[in-house]
Amino acid sequence: MKSLKEYTDSPTRITSGHRLCAGCGEGIISRMALMATDKPVVVSCATGCFEVSTTIYPYTAWNVSWIHTAFGNAAATCAGTEAAYNALRRSGKITEETRFVAFGGDGGTYDIGFQALSGAFERGHRIMYVCMNNEAYMNTGIQRSSATGIGASTTTSPAGSVVPGKVGYPKDLTLIIANHNIPYAAQVSPHNWRDLIAKCEKGYEANGPSFINAIAPCPRGWRTEAADTLDLAKLAVETCVWPLYEFENGEYRLTAESAKIAEGKINKKPLTDWFNAQGRFRHLAGEKWAPLIKKAQADIDAKWEMLQKLCEL
C-alpha cells in the first residue's frame with residue numbers, strides 16, 4: 001500500500017469548491033475511493049446530495065469521465081458503460097485499461113436502486129459500487145430509508161409521545177450483496193483512510209463486481225456539528241453499529257478497529273454513546289424509551305456475534 005503522501009499527490013479527480021455541506025462525509029469518502037486506482041476511471045453518479053452538490057450547472061467538481069443517472073439506475077448505467085467498453089476493446093478500438101465506479105446514497109442503493117444493483121452484480125459486470133450511507137433521504141428532506149437506524153427521528157418517522165422515531169432495524173445490505181457471491185464486498189468508514197483505500201483498491205481490481213458500503217455522517221440530518229464527522233464515523237465502528245469487515249472470494253474477515261474489538265485489544269462501546277452523540281436520537285433520553293434502547297443494544301450484540309461467526313472467530 002502506498003504512503004499517505006503518495007495518495008494525496010495523485011491526480012485530483014474530484015475537486016474542492018463543490019457545494020456539499022460542511023462536514024459531509026460524502027466528499028471525504030469519494031476522494032479516498034478515487035485515490036485507490038491509478039487507472040482511468042468512469043463514474044456513474046445517482047441523483048442525490050452528492051450529484052446535485054458537485055454538478056451545479058454550469059460548474060462541475062469532476063475531473064473524470066462522469067455520467068449523471070436517475071435516482072435508481074446508477075448501477076445499470078455503470079454496467080452498460082462497462083459492457084460498451086468491453087465491446088470496444090474486443091474490436092481493438094480501445095486498448096487502455098479503465099475502471100468503472102458508481103456512487104449512490106442509501107436511498108438510491110438500499111431502496112430505489114436495489115433492483116439495478118442486484119441485476120448488475122448477478123450479471124457479473126466488473127464495476128465497483130460505492131454506497132455513501134447517511135441513513136436517510138437527505139437530499140429530499142431527511143426522510144427515513146431502509147438504512148435508517150431504529151429510533152431515529154426523520155421527517156417521515158418523526159419522534160412523538162407514541163412513536164419513538166423510526167420503528168424497525170436497518171437493512172443489512174452488505175450481507176445481502178455478499179450473498180450475491182460476488183468477488184468482493186466491504187464496509188468502510190471515512191475516519192480510517194488506510195482501511196477505506198485498501199478496500200477500494202481490492203474493489204477496483206476484483207475479477208467481477210465489487211461493493212463498498214461507507215458510513216457517511218450527515219451533520220444536517222443527524223443534527224451534529226460539522227467538526228464531529230470523523231469522530232462520529234469512528235464511534236459507529238467502536239459501538240459495532242458499523243463493523244469494518246470484508247467479504248473476499250467467499251471468506252469474511254474483520255478489519256481495523258473491528259478486528260481489535262474481536263481480539264479484545266480495544267473495548268466495544270455501548271450503543272448509548274452512539275445515541276447520545278446525535279440530535280436525531282435526543283428524544284430517546286429518559287426512562288420512556290429505555291426498553292427500545294435495551295432492545296436495540298441486544299440487536300447490535302446479536303449481529304456482532306453473527307458476524308464474528310461468519311469470520312470464524
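Quantities reported herein were computed from a predicted structural model and do not represent experimental measurements.
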- Message: For the residue pair E246 / Y184, report whether a side-chain donor-acceptor contact shorter than 3.5 Å exists.
- Response: yes
- Message: How close do A159 and S153 get, counting heavy atoms only, and between which atoms?
- Response: N-OG, 3.2 Å
- Message: For the backbone of P243 and the side chain of Q187, can you confirm whether one donor and one acceptor N or O come within less than 3.5 Å of each other?
- Response: yes
- Message: Could you see if V188 belongs to whatever hydrophobic cluster contains M32? Use Ile, Leu, Val, Met, Phe, Trp, Tyr and a side-chain cutoff under 4.5 Å.
- Response: yes
- Item | Flag side-chain contact, heavy atom, 4.5 Å: F103 against M128 | no
- Connected via hydrophobic side-chain network under 4.5 Å: W274 and I261: no
- Query: For the atom pair CD1 (I142) and OG1 (T155), what is the distance rounded to the nearest 0.5 Å?
  - Reply: 6.5 Å
- Residues two or more places apart in sequence or in another chain: which of them pass salt bridge (charged side-chain N to carboxylate O under 4.0 Å, His left out) with R144? none
- Residue E263 excluded, over 12 heavy atoms near CD under 6.0 Å: yes
- Task: Would you confirm whether H283, through its side chain, and G151, through its main-chain N or O, come within 3.5 Å as a donor-acceptor pair?
- Result: yes
- Just by distance, with hydrogens left out, do S118 and Q115 show a side-chain donor and acceptor under 3.5 Å apart? no
- Item | Note: E248-R253 ion pair, threshold 4.0 Å (strictly below) | yes
- Could you tell me the separation between the CD atom of Q143 and the OG1 atom of T140, rounded to the nearest 0.5 Å? 3.5 Å
- Residue pair T55 / W62, side-chain donor-acceptor N/O under 3.5 Å: no
- Note on the structure: Note: T148 and A136 closest approach over all heavy atoms is OG1-CA, 4.0 Å
- Message: Under 4.5 Å between side-chain heavy atoms, counting indirect links through other Ile/Leu/Val/Met/Phe/Trp/Tyr residues: same cluster for V130 and V42 or not?
- Response: no
- Query: When the aromatic ring centroids of Y85 and F100 are compared, is their separation below 6.0 Å?
  - Reply: yes
- Item | Short side-chain to backbone donor-acceptor contact, S10 and Y7, under 3.5 Å | yes
- In Å and rounded to the nearest 0.5 Å, what is the CG to CG distance from L232 to L235? 6.5 Å
- Task: Using side-chain hydrogen bond (donor to acceptor under 3.5 Å, both in side chains) as the criterion, point out the one residue from K303, K295, Q297 that pairs with D299.
- Result: K303
- Item | Any donor-acceptor pair under 3.5 Å from Y59 side chain to G17 backbone | no
- Item | Shared hydrophobic cluster for V52 and M132 (ILVMFWY, side-chain gaps under 4.5 Å) | no
- Task: Give a yes or no on whether the backbone of T69 and the side-chain of T47 come within a donor-acceptor separation of less than 3.5 Å.
- Result: yes
- With the side chain counted from C-beta on, respond yes when F50 and L20 share a heavy-atom pair under 4.5 Å apart, and no when they do not. yes
- Is there a side-chain contact between Y252 and L175 (heavy atoms, below 4.5 Å)? yes
- Query: Taking all non-hydrogen atoms of both residues, which atom of P170 and which atom of I150 are closest, and how far apart?
  - Reply: CD-N, 4.3 Å
- Do T54 and T60 pass the side chain to side chain contact (heavy atoms under 4.5 Å, CB included) test, and can you show the C-alpha distance, the side-chain angles, and the key distance before you say yes or no? CA-CA 6 Å; T54 57; T60 179; over 6 Å; no
Using a 3.5 Å cut-off and no angle test, enumerate the donor-acceptor pairs between side-chain atoms of residues 208-215 and protein atoms at least two apart in sequence or in another chain.
residue: S210; atom: OG; partner: G203; partner atom: O; Å: 2.9
residue: N213; atom: ND2; partner: Y110; partner atom: OH; Å: 3.0
residue: N213; atom: ND2; partner: T174; partner atom: OG1; Å: 3.0

- Message: Are more than 12 heavy atoms, taken from residues, nucleotides or ligands other than K268, located less than 6.0 Å from that residue's NZ atom?
- Response: yes
- Query: Counting heavy atoms not belonging to N207, are there more than 12 under 6.0 Å from its CG?
  - Reply: no
- Query: Can you find a pair of side-chain heavy atoms, one from R126 and one from R99, that are under 4.5 Å apart?
  - Reply: yes
- side chain to side chain contact (heavy atoms under 4.5 Å, CB included) between H18 and S53: does it pass, once the steps are laid out? CA-CA 6 Å; H18 52 68; S53 298; 5.5 Å; no
- Item | Donor-acceptor under 3.5 Å (N179 side chain, I176 main chain) | no
- Item | Side-chain heavy atoms of S258 within contact of W304, under 4.5 Å | yes
- Considering all heavy atoms, the nearest S189-V237 contact: CB-CG2, 3.9 Å
- SB check E97 R89 (cutoff 4.0 Å): no
- Item | Closest contact, heavy atoms only, P219 versus A22 | CG-O, 3.6 Å
- Message: I'd like to check the salt bridge (charged side-chain N to carboxylate O under 4.0 Å, His left out) partners of D195; sequence neighbours left out, ordered by chain and number.
- Response: K199
- Message: For the CD atom on E6, are there more than 12 heavy atoms of other groups (residues, nucleotides or ligands in this structure) within a distance under 6.0 Å?
- Response: yes
- Kindly compute the distance separating NZ (K166) from CD (E135), expressed to the nearest 0.5 Å. 8.5 Å
- Task: Check whether any side-chain heavy atom of I127 sits under 4.5 Å from a side-chain heavy atom of V101, and report yes or no.
- Result: no
- Task: Starting at CZ of R31, measure out to OG1 of T12 and round the result to the nearest 0.5 Å.
- Result: 5.5 Å
- Check the pair L117 / Y129 against side chain to side chain contact (heavy atoms under 4.5 Å, CB included), numbers first and verdict last. CA-CA 8 Å; L117 177 63; Y129 192 104; 3.6 Å; yes
- Query: Given D106, which of D111, I112, L173, N133 fulfils the side chain to side chain contact (heavy atoms under 4.5 Å, CB included) condition?
  - Reply: N133
- Query: Shared ILVMFWY cluster between Y169 and M306, side chains joined below 4.5 angstrom?
  - Reply: no
- Under the side chain to side chain donor-acceptor pair (under 3.5 Å) rule, what pairs show up with a residue in residues 36-46, not counting sequence neighbours? K2-D38
- What residue pairs, at least two apart or across chains, pass side chain to side chain donor-acceptor pair (under 3.5 Å) with a residue in residues 229-238? E238-K269
- Task: With side chain to side chain contact (heavy atoms under 4.5 Å, CB included) as the test, would you mind laying out the steps for I14 and L34 before giving the verdict?
- Result: CA-CA 8 Å; I14 181 168; L34 291 165; 3.8 Å; yes
- Query: Does the side chain of V41 reach to within under 4.5 Å of the side chain of T98, using non-hydrogen atoms?
  - Reply: no
- Between T154 and S157, is any side-chain donor less than 3.5 angstrom from a side-chain acceptor? yes
- Mind listing the closest non-hydrogen atom pair of R280 and R223 along with its distance? CA-NH1, 3.9 Å
- Hey, could you give me the CD/NE2 distance between E82 and H125, rounded to the nearest 0.5 Å? 6.0 Å
- Message: Can you confirm whether L292 sits close enough to L284 that some side-chain heavy atom of one is under 4.5 Å from a side-chain heavy atom of the other?
- Response: yes
- Message: Going by the rule ring-ring contact (aromatic ring centres under 6.0 Å, His included), which residues pair with F275 if we only count those two or more places apart in sequence or in a different chain?
- Response: F281
